[in-house]
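Only one structure is covered here, and it is reproduced in the block below.
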Amino acid sequence: MGTYRVAQVAAAGEPFAVVERETASPGPRQVRIAVEACGVCHSDVYMVNNVLPGIRFPVVPGHEIAGRIAEVGEGTPDLWRVGDRVAVGWFGGSCGVCHPCRQGDFIVCRDLKVPGWAYDGGYAESVVAPFDALARIPDGLTAEEAAPLGCAGVTTFNGLRTSGARPGDRVAILGIGGLGHLAVRYAVAMGFETIAIARGQDKAGFAQELGAHHYVDSSDPSAVAPALRALGGADVVLATATNSEAISATVDGLAPRGELVVVGIDAVPLAITPGQLIMPAKIVRGHPSGTAQDVEDTMAFSALHGIRSLNETMPLAQADEAYQRMLAGKARFRMVLTT
Ligand SMILES: [Zn+2]
Ligand SMILES: [Zn+2]
């Protein structure tokens with residue numbers, strides 16, 4: 001059947017090497033996808049550095065996959081056919097038998113299949129994925145535009161639409177990088193009074209370009225809550241920044257019954273006292289991406305509202321360079337590998 005190239009890491013923390021593999025047919029209820037684009041997400045670090053349980057080397061990360069179905073395994077519903085344009089994000093399938101799955105809450109499956117962790121991911125010309133991981137890409141989006149929506153896009157879109165915020169409410173987005181710049185655009189399109197929070201006055205203009213109604217400079221974390229309160233308090237803060245100090249600093253800027261939705265990862269504990277939460281009845285919750293249907297909804301909403309991830313693309317052969325750029329924080333937005 002020929003061969004395809006993957007960018008793999010042979011052992012924890014090693015650089016990426018591009019190698020050829022034999023193409024294999026998909027098993028039952030799986031499809032083989034000819035990958036056209038794959039986003040480089042900060043969470044790929046957890047696979048590459050062997051931080052998650054059950055990682056098997058060599059590792060091929062990549063959970064922001066966009067391409068076309070090249071081959072369909074037996075037992076796959078007729079909904080999916082060769083040539084269909086599909087995306088696979090962080091949600092790469094679920095077990096179907098655990099308690100959350102049996103309740104239909106697939107994103108918190110106890111055996112969630114994340115591409116690059118449960119099976120080889122999208123830093124490759126070809127990926128085999130279970131059909132329940134597939135999201136249909138709308139005509140209005142290219143593969144490069146669709147890819148980051150499978151993680152960065154759906155995480156922020158879903159984090160906002162599952163929050164308590166209603167049109168007209170005040171929503172603050174902490175961080176305007178790979179996730180945050182999309183979050184600001186989604187928040188505006190969803191009808192929220194949108195506050196962008198980032199470090200430095202130099203980002204104020206960019207926040208405005210994204211459509212934010214207000215900008216708060218978080219260079220001094222202690223100034224963030226007073227600034228949010230001066231605007232009336234945030235009904236929701238979506239924290240995309242990977243910095244616990246910055247996340248914690250927003251809590252006193254929430255309105256009563258306000259909700260802090262955390263999607264940015266940091267190993268440092270959040271510094272929040274019970275007293276900050278109890279009397280004003282504030283909520284702090286984590287939010288984990290979204291299912292294949294959520295990815296599809298995210299892509300449709302993005303196409304409808306002209307919302308695009310700002311990407312920097314590189315060919316698959318330069319996967320190591322792209323990954324290092326992402327790690328070093330040199331990529332202004334999303335690195336996307338193309339085949
Ligand atoms: Zn991700
Ligand atoms: Zn499950």
Side-chain angles (χ1 to χ4, degrees), residues 7 29 35 37-49 51-55 59-66 87-124 127 129-133 135 144-159 175 177-183 186 238-242 261-266 286-295 298-299 302 309-312 319 322-323 325-327 329 331 333-337:
R29 302 165 72 81
V35 179
C38 184
V40 178
C41 177
H42 200 271
S43 300
D44 295 336
V45 171
Y46 300 104
M47 290 76 164
V48 171
N49 290 351
V51 176
L52 295 166
I55 300 281
V59 157
V60 180
H63 56 266
E64 292 187 345
I65 304 162
V88 177
W90 176 260
F91 180 89
S94 62
C95 79
V97 295
C98 72
H99 189 263
C101 278
R102 294 184 67 200
Q103 288 186 306
D105 196 1
F106 306 111
I107 191 61
V108 287
C109 171
R110 289 180 180 170
D111 190 19
L112 188 73
K113 316 292 182 196
V114 177
W117 183 4
Y119 52 87
D120 287 338
Y123 288 25
V127 162
F131 80 80
D132 65 321
E144 288 165 32
E145 290 167 344
L149 303 184
C151 182
V154 71
T155 299
T156 53
F157 177 77
N158 236 26
L179 272 69
H181 83 285
L182 285 167
Y186 290 138
L238 180 73
T240 72
T242 54
V261 182
V262 181
V263 299
I265 297 178
D266 187 356
H287 174 77
S289 184
T291 63
Q293 181 62 58
D294 292 321
V295 173
T298 303
M299 291 192 292
S302 303
S309 167
L310 295 170
N311 297 336
E312 189 178 329
Y323 179 80
R325 258 183 92 71
M326 179 278 298
L327 268 192
F333 302 103
R334 211 56 166 179
M335 296 301 310
V336 175
L337 299 172

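As a basis for the values below, the full set of heavy atoms in this structure was taken, side chains included, without hydrogen atoms, waters or symmetry mates. Because the structure is predicted, anything quoted here is derived from the model rather than measured. We count ligands from 1, going down the list as the structure has it; atoms in each ligand are counted the same way.
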Within a radius below 2.8 Å of the Zn ion (ligand 2), how many protein N, O or S atoms are present?
-> 4
Measure the NE2-CG distance between His181 and Leu310 for me, rounded to the nearest 0.5 Å.
-> 4.0 Å
dist Asp44:CG -> His63:NE2 (nearest 0.5 Å) comes out at 5.0 Å
Are any side-chain N or O atoms of Tyr119 and backbone N or O atoms of Gly92, one a donor and one an acceptor, separated by less than 3.5 Å?
-> yes
Side-chain (Thr156) to main-chain (Gly153) donor-acceptor, under 3.5 angstrom | yes
Quick check: does Cys41 put an N/O/S atom under 2.8 Å from the Zn ion (ligand 1)?
-> yes
Can you tell me, to 10 degrees, how wide the angle at the Zn ion (ligand 1) is between SG on Cys151 and NE2 on His63?
-> 120°
Looking only at atom types and distance, does a side-chain atom of Glu144 sit under 3.5 Å from a main-chain N or O of Ala37, one as donor and one as acceptor?
-> no
Parallel, tilted or perpendicular: which fits the ring planes of Trp90 and Trp117, with parallel below 30° and perpendicular above 60°?
-> tilted
Could you check whether the rings of Phe157 and Tyr186 sit parallel, tilted or perpendicular, using 30° and 60° as the cut-offs?
-> perpendicular
